Structure formats: structure tokens, C-alpha cells
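For reference, the structure I am asking about is given below.
Letters go in sequence order (proteins before strands), and every chain restarts at 1. Not measured: the values here are computed from a predicted model.
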2 protein chains.
Amino acid sequence: MAKLQKSIEKKEALINATIALVNNDGFHAAPMSKIAKMANVSPATIYLYFESKQDLVNQTYLEVKNAFTTYAFEAYDEQMAVEASFKMIWFRIAEFKFRDCERGLFLAQCDNTPMIDEESRQEGIKNLKPLLDLWKKGKEQGIIKPVSDYLLYAYTVNPLSYLMMVKKRNAFVPTEENINEAYQLAWDSIKLT
Amino acid sequence: MAKLQKSIEKKEALINATIALVNNDGFHAAPMSKIAKMANVSPATIYLYFESKQDLVNQTYLEVKNAFTTYAFEAYDEQMAVEASFKMIWFRIAEFKFRDCERGLFLAQCDNTPMIDEESRQEGIKNLKPLLDLWKKGKEQGIIKPVSDYLLYAYTVNPLSYLMMVKKRNAFVPTEENINEAYQLAWDSIKLT
DNA sequence: AAAAAAAGAATGAACATTCATTTTTTATAT
DNA sequence: ATATAAAAAATGAATGTTCATTCTTTTTTT
């Protein structure tokens, strides 16, 4: 058990190092040697936990994506009204992205580049099911505009990725007030009235 | 003159090859040798036009960003009403991104990764001035919600990048109708009243 | 003392960049 | 116009480095 414990710690350290280095330098400038150093581990040790660099990045992506969606949907209850559910999920997503900016950015980079395998990406997308179900219900009840889920995503969740990015670059550090405004923009764009 | 002509052709071929390879494989898997081959040029020749790989990517970014904004604002006339101007610009941006998907995607990748130098990125952002001016006017006239330009961008222009990406992956190929819906979502989110 | 985990050094491939030559273009003189 | 030499552009083959990965040895755990 002590062994397993130790292993998990190392694996996490490697994943964290990967996130930090890929965020700051990009995949192309995040060599295994640097990742190992940051995780306080020998380069050879990485290969006890991951098959290859590609595998390391894929697993990091899935790990973060899971943490993200778990947090986003944690308090979701199908019994709740559509608008209230959406609001809650939206704010939890915002919270995750702004609190754990590093992880949010890493996801954005994975989603916008050919960095990870298509297979892992597909796997990651499955996590969004609860949100899609909610939208389905919202459309059926005439609360949400009857447009493609891709459009709904583009105008509600995705803007948060952009805002997180400008925050990372210190171009715009959103306040509590800004987050509320952002929610209003998101909801105003998809609500049916 | 014939010489200069030829040079420009080569440079353009190199830029196009860079866009195609970076889009498909990512920066880290787009070696100079491959770029040279795709442009029908010797690797050594690249260095007659660009200082380094970094310079090649930076210049490609700026070239595409300029083409993008030139197209977007080409027909913009400050005399026009705010709403009409915005609509026109929005549709031109959409047109560029969906027609020249390769270039649009390349920009998205540059904007979401540490691929290009911060300096070049700053340079590219300056091109957006006309849109910011328009928003300023719109806010003054009480037509557009009085929120940060970053929010307005996140909820109007940026969603198009996401939609372009899902199109590239063939997950969702937007129709004319979808584009109109998208515009409506964009406008509904930022319009006042 | 056997097995597992970790390490550092070694390996070989891939890469960005440069070098030495060749080809093409331009300018000049007939 | 044509021939020729200087200049510029382009090339394929080096060069030296960096990197992912593996190998051998050491340390830690069981």
C-alpha cells in the first residue's frame, strides 16, 4: 500500500509537470528530461508510468478532463428546473476554469491543437453527456433555443476558455462582477422567450 | 522583377506549407525538412526567406492575421449604423473562417498555444482596432451592453473559432442556416434591451 | 535474498541550421 | 542580339545538438 501510495504521488507529479510545461512552453518545447526534472524523477522513471510521451500527454488530458467534468456536474440533479441547472453548471465550469487556470488552459490547448490522439479526444468528449441531456430537455420545454448543441456550447461554455486565456496573459483579469456579466451574455444568447 | 516575383512565390509556398503541416500535425511534428518538401524547396532555401523556424511561424501568423482582418473590415464604413456594421463585420469574419478554414484554424492554434512569440501576438492583436472602435460607439449609443471588450469578443467572434474547429473535425458542418442562427446568438447576447 | 522501482548514463534517431557547390539571374561589353 | 563575368539564389549534403527511449546498475521494498 505504501508502494502504491508512492506511485500515485509520482504519477501526479509527472502529470502536474506536464501541464505546467506544456502550458508555458508548448508541447514542442516540453522535453521528457525537463518534465522529469520538474517532477523530481529520473527520465527513465517516466516510462514506468507511461508508455511514451504521447501516452503521457493523452493520460494527462483525460485526467484533467475528468476532473473538470466531475466538478462541473457534481451537484447536478435531474429534478431541478432547466434554467437553474444550467446556471449552476455554468458557474461551476467558470469556477473550475478560473480557480484552476493551469488545468483549464491545458484543456484548451489540447482541444485546439493536434497534440493529443483523436481517440483520447473522443473519450474526453463523452464526459459532456449530462449537459447535452439538459439542453435536450431545455429545448423540449421551449426554454432554450432549438439550435445545434455545437452552437449552444460555442456561445455558453466556450467563451469561458477565451476569457481564461486572456486572464492567463494578464490582459484581462475578470472580477466576480465580470463573471456574472458573462453568465448573463451566455444565457441571453441561448434562452428562448 | 522576375526575380522578385519568383521569390514571393516561394515565400508563399513556404507559408502555405507551414499552415498545412502545423494544422495537421502540430508545431512539434512539422519539421523544416517536411515544410521544405511540401513547398518544393530545399531546407536550406527556407533560411533565405526566414531567420529561423520561429521566425517562419511568427511571420506566417502575422501574414494570416493581416489577411483575416483586412477581409473582415474591408467594407467597413464608419458612417454606417452600429448594428448594421457589426452584422456585416461578423458575417465577413464568418465567411473568412469557413471559406478559408485552414487559415482560420492556424490562427486559432496560434492564439491558443505558446507557439508564436508574445511580440508577434501583440502585433496581431492591433489589427482589431476597428472592431473595438465600433463597440465603443455602440456602447455610447446604448445599443451594446456596457461590458468589457473581452466579453464582447468572447461571445461574438470567438464562438466562430470553436465552430470552425468542429467543422474541421467533421463533427458538425454548419449550413447557411446555422450561420444565421449563430449570428442571432451573438447579437442576442450583446445587444442592449 | 528475491523482486520491484528508480536512477543515471548510453543510444540512436530526428532535427534545425550551416556549409560548400551548383544553378540561375543580372549586368556589361562586344 | 550574344557572350561573359559577377552576383544572387538555390541546393544537397554535412554538422552538431537535442531528444525520446532503452540499458545497466543501484536502491528500495517485500
Side-chain angles (χ1 to χ4, degrees), chain A residues 1-61 106 109-110 113-117 120, chain B residues 1-61 106 109-110 113-117 120:
Chain A
M1 196 174 65
K3 185 203 71 183
L4 187 62
Q5 199 65 24
K6 205 174 186 182
S7 290
I8 285 176
E9 273 169 29
K10 282 221 168 83
K11 193 169 182 182
E12 274 176 4
L14 283 166
I15 285 180
N16 288 335
T18 303
I19 293 168
L21 285 172
V22 167
N23 273 349
N24 284 322
D25 307 340
F27 187 142
H28 69 286
M32 295 298 254
S33 55
K34 226 170 164 182
I35 293 172
K37 191 166 285 175
M38 185 172 250
N40 283 313
V41 137
S42 158
T45 303
I46 302 182
Y47 292 87
L48 298 176
Y49 296 89
F50 303 96
E51 272 184 13
S52 62
K53 187 177 181 184
Q54 186 62 59
D55 182 45
L56 165 61
V57 172
N58 288 341
Q59 284 201 43
T60 301
Y61 170 73
F106 182 79
Q109 202 169 157
C110 287
T113 67
M115 206 170 93
I116 60 155
D117 285 345
S120 298
Chain B
M1 196 174 66
K3 185 203 70 183
L4 188 63
Q5 199 67 24
K6 206 175 186 183
S7 291
I8 286 175
E9 274 168 29
K10 283 222 168 81
K11 192 168 182 182
E12 275 176 3
L14 283 166
I15 285 180
N16 289 334
T18 302
I19 293 168
L21 285 172
V22 167
N23 273 347
N24 284 322
D25 307 338
F27 187 139
H28 69 285
M32 295 298 254
S33 55
K34 225 170 165 183
I35 293 171
K37 192 167 282 175
M38 185 171 250
N40 283 313
V41 137
S42 158
T45 303
I46 301 181
Y47 292 86
L48 299 176
Y49 295 90
F50 304 95
E51 272 184 13
S52 62
K53 187 177 180 184
Q54 186 62 58
D55 182 46
L56 166 61
V57 172
N58 287 342
Q59 283 201 44
T60 302
Y61 170 73
F106 182 79
Q109 203 169 155
C110 288
T113 67
M115 205 171 93
I116 60 156
D117 285 346
S120 298

(message) Among D:dT21, D:dT11, C:dA7, which nucleotide has an atom closest to any side-chain atom of B:Val41?
(response) D:dT11

(message) Does either side chain, that of B:Asn58 or that of B:Gln54, offer a donor lying less than 3.5 Å from an acceptor on the other one?
(response) yes

(message) What is the distance, to the nearest angstrom, from the CG atom on B:Asp55 to the P atom on C:dA16?
(response) 14 Å

(message) By nearest atom, which of the nucleotides D:dT21, C:dT17, D:dA10 is closest to the B:Met32 side chain?
(response) C:dT17

(message) How many whole angstroms separate atom CZ of A:Phe27 from atom P of C:dC15?
(response) 13 Å

(request) Among the candidates C:dA6, C:dA16, D:dG12, find the nucleotide nearest to the side-chain atoms of B:Ala44. (result) D:dG12

(request) Counting heavy atoms from C-beta on, name the nucleotide in C:dA16, C:dA7, D:dT22 closest to the side chain of B:Pro31. (result) C:dA16

(request) Please tell me which of the listed nucleotides, D:dT11, C:dA16, D:dA20, lies nearest to the side chain of A:Lys53? (result) D:dA20

(request) Measure from NZ on A:Lys10 to P on D:dT28 and round the result to the nearest Å. (result) 11 Å

(request) Identify the two heavy atoms, one from A:Ile35 and one from A:Ala30, that lie closest to each other, and give their separation to 0.1 Å. (result) CD1-O, 3.7 Å

(request) Calculate the interatomic distance between A:Asn40 atom CG and C:dG8 atom C1'; express it in whole Å. (result) 15 Å

(message) Could you check whether any side-chain heavy atom of A:Met32 comes within less than 4.5 Å of a side-chain heavy atom of A:Pro43, counting everything from C-beta outward?
(response) no

(request) Measure from the side chain of A:Leu48, starting at C-beta and using heavy atoms only, and say which of C:dT18, C:dA5, D:dT11 lies closest. (result) C:dA5

(message) Using the side-chain heavy atoms of B:Tyr47, tell me which of these nucleotides is nearest: D:dA10, C:dA16, D:dT21.
(response) C:dA16

(request) Measure from the side-chain heavy atoms of A:Ser42 and tell me the nearest of C:dA6, C:dG8, C:dA16. (result) C:dG8

(message) For a quick test of reading the model: is some side-chain N or O of A:Tyr49 closer than 4.0 Å to OP1 or OP2 of C:dA5?
(response) no

(request) Apply side-chain contact (heavy atoms from CB on, under 4.5 Å) to the pair B:Thr45 and B:Tyr49, showing each step before the final yes or no. (result) CA-CA 7 Å; B:Thr45 303; B:Tyr49 295 90; 3.8 Å; yes

(message) Using whole Å, what does the distance between atom C1' of nucleotide C:dA16 and atom NZ of B:Lys34 come to?
(response) 16 Å

(request) Find out whether B:Phe50 and B:Leu14 are in side-chain contact, i.e. whether some heavy atom of one side chain is under 4.5 Å from a heavy atom of the other. (result) yes

(request) Please state how far atom CD1 in A:Ile46 lies from atom C1' in C:dG8, giving the value in whole angstrom units. (result) 14 Å

(request) Check the distance between D:dA9's P and B:Lys11's NZ and give it to me in whole angstrom. (result) 13 Å

(request) Rounded off to whole Å, could you give me the CD-to-P distance for the B:Glu9 and C:dT25 pair? (result) 12 Å

